[in-house]
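The structure under discussion appears below in the form of structure tokens.
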Amino acid sequence: LINLPQKVYPRLVSLFYVHLRGTQEEDGNFTLLSYVKGKGIQFDIPTLASIIGVELGDENIHFQTEAELANIVGNATDVYTTICRNRFTGTSLQARHLKPYLRILHRWIAENVTPKKGHHDAVPYFNAYLLYCFEVGQKLDLCYIIMKEMVLANQGQVTGRSLLFGALLTKIFKHFKVRLVDEMEM
């Protein structure tokens, strides 16, 4: 999927998040700004796509609630019917409800795209939407989603992950020529 470096620099990741700011322009352009070791790091969606070598998606969508999910698709039941192996009528979507091949994708998404602390049994609304888009062939913008997740992490809404997007950030640091010599690596 994405070729990421094996090394992660914990101190630099922390510095990135300490100084992280996001801006959303009226035209929809979304930019992240940070400083690490005196280097300004500024990237928008096309720049991140170029750095990590992925295509831009068709839609920039990110949300957290079931009401937002229903607003986007019209009826949340359509999402559940598409991604679940049996009719889902419960109150909390669990990985065991998903079609078997989507469970693997859910795990990858939960660990790499929308990381949260704890177990991955529960399927958050946005992750359910990502699985739905995969099933129906709708292209979303992975870079936009990752950037929004970085902002959430910076706001303290994603806790329990000490090196959120650490390997991805290493690639970004290298792109912006942040000096990595003498830094502790993991």
Side-chain angles (χ1 to χ4, degrees), residues 1-24 29-57 59-64 95 102-131 133-134 139-186:
L1 291 167
I2 300 173
N3 186 15
L4 294 175
Q6 296 295 318
K7 295 179 182 177
V8 175
Y9 300 90
R11 189 177 82 84
L12 301 183
V13 171
S14 295
L15 287 172
F16 175 82
Y17 283 109
V18 164
H19 299 290
L20 181 64
R21 302 292 175 263
T23 62
Q24 182 89 41
N29 194 23
F30 181 55
T31 303
L32 293 184
L33 308 134
S34 188
Y35 292 89
V36 176
K37 293 180 78 171
K39 286 274 188 181
I41 297 174
Q42 178 175 336
F43 56 92
D44 58 8
I45 297 164
T47 303
L48 182 58
S50 173
I51 293 169
I52 63 177
V54 299
E55 292 181 23
L56 293 173
E59 294 187 57
N60 295 344
I61 294 176
H62 193 276
F63 61 87
Q64 294 182 304
L102 289 179
R103 290 181 206 159
I104 297 166
L105 183 57
H106 160 66
R107 182 65 184 236
W108 186 87
I109 289 169
E111 290 181 359
N112 296 287
V113 180
T114 61
K116 307 288 185 275
K117 82 175 194 178
H119 62 83
H120 302 299
D121 296 339
V123 180
Y125 301 116
F126 186 65
N127 291 23
Y129 180 69
L130 293 176
L131 295 170
C133 289
F134 175 80
K139 283 178 61 175
L140 296 177
D141 200 313
L142 177 64
C143 293
Y144 178 82
I145 294 165
I146 289 172
M147 290 170 64
K148 284 293 190 176
E149 288 290 323
M150 286 178 168
V151 170
L152 289 176
N154 190 48
Q155 294 170 345
Q157 294 183 30
V158 179
T159 59
R161 296 289 305 261
S162 59
L163 299 173
L164 191 65
F165 299 113
L168 175 66
L169 285 171
T170 296
K171 195 162 191 154
I172 292 169
F173 298 153
K174 288 179 178 181
H175 175 82
F176 286 97
K177 298 183 182 5
V178 173
R179 187 172 154 87
L180 303 176
V181 177
D182 298 327
E183 287 293 333
M184 184 186 81
E185 58 189 52
M186 293 181 73

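Side-chain atoms are counted along with the backbone in the values below, which use heavy atoms only and exclude waters and symmetry mates.
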**Q.** Audit row: Lys37, Phe173, side-chain contact (heavy atoms from CB on, under 4.5 Å) steps and yes/no
**A.** CA-CA 10 Å; Lys37 293 180 78 171; Phe173 298 153; over 6 Å; no
Q) Distance from Asn112 atom CG to Leu168 atom CG, nearest 0.5 Å? A) 10.0 Å
(Q) Taking the side chain as everything from C-beta on, heavy atoms only, tell me whether Val36 gets closer than 4.5 Å to Phe176. (A) no
Q.
If I compare all heavy atoms of Val123 with all of Ala95, which pair ends up nearest, and what's the gap?
A. CG2-N, 3.6 Å
Q) Distance from Ile52 atom CD1 to Lys171 atom NZ, nearest 0.5 Å? A) 8.0 Å
Q) Rounded to the nearest 0.5 Å, what separation is found between the CE atom of Met147 and the CG atom of Asp141? A) 9.0 Å
(Q) Between His106 (side chain only) and His120 (backbone N and O only), is there a donor and an acceptor less than 3.5 Å apart? (A) yes
Q. Which atom pair, heavy atoms only, marks the closest approach of Ala167 to Val8?
A. N-CG2, 3.6 Å
Q. Does any non-hydrogen side-chain atom of Phe16 lie less than 4.5 Å from one of Phe165?
A. no
Q. Can you find a heavy atom in the side chain of Asn154 that is under 4.5 Å from one in the side chain of Arg21?
A. yes
Q) Taking C-beta and beyond as the side chain, do Thr47 and Thr31 meet within less than 4.5 Å on heavy atoms? A) no
Q.
One pair to check against side-chain contact (heavy atoms from CB on, under 4.5 Å): Ile145 and Phe126. What are the steps and the verdict?
A. CA-CA 10 Å; Ile145 294 165; Phe126 186 65; 3.7 Å; yes
Q) Given the side-chain rings of Phe63 and Tyr125, with only the six-membered ring counted for Trp, is the space between their centroids under 6.0 Å? A) no
Q) Are the side chains of Gln64 and Leu152 in touch, meaning some heavy atoms are under 4.5 Å apart? A) yes
Q) Are Lys39 and Arg179 close enough that some pair of their side-chain heavy atoms sits under 4.5 Å apart? A) no
Q: Compare every heavy atom of Leu102 with every heavy atom of Leu131, then report the nearest pair and how far apart it is.
A: CD2-O, 3.9 Å
Q. Does Pro10 offer a backbone N or O that forms a donor-acceptor pair with the side chain of Ser14 under 3.5 Å?
A. yes
(Q) When you measure from the side chain of Tyr17 to the backbone of Leu164, do you find a donor-acceptor pair of N or O atoms at a distance under 3.5 Å? (A) yes
Q) Under 4.5 Å between any side-chain heavy atoms of Tyr9 and Leu169, yes or no? A) no
Q.
Are Val113 and Trp108 packed together at the side-chain level, in the sense that at least one heavy-atom pair is separated by less than 4.5 angstrom?
A. yes
Q) Looking only at heavy atoms, which two atoms of Cys133 and Leu140 are closest? And how far apart? A) SG-CD1, 3.6 Å
Q: Check whether any side-chain N or O of Asn60 sits under 3.5 Å from a backbone N or O of Tyr144 as a donor-acceptor pair, and report yes or no.
A: no
Q. Can you tell me how far the NZ atom of Lys174 sits from the NZ atom of Lys7, to the nearest 0.5 Å?
A. 7.0 Å
Q: Please report the closest heavy-atom contact between Pro115 and Glu111, naming both atoms and the distance.
A: CB-O, 4.0 Å
Q | Inter-residue atom distance Tyr129.OH - Ile61.CD1, 0.5 Å rounding | A | 3.5 Å
Q: First locate atom CG of Leu32, then atom NE2 of His19, and finally report the distance between them rounded to the nearest 0.5 Å.
A: 15.0 Å
Q: State, to 0.1 Å, how close Pro46 and Leu56 come at their nearest heavy-atom pair, and which atoms those are.
A: CA-CD2, 3.9 Å
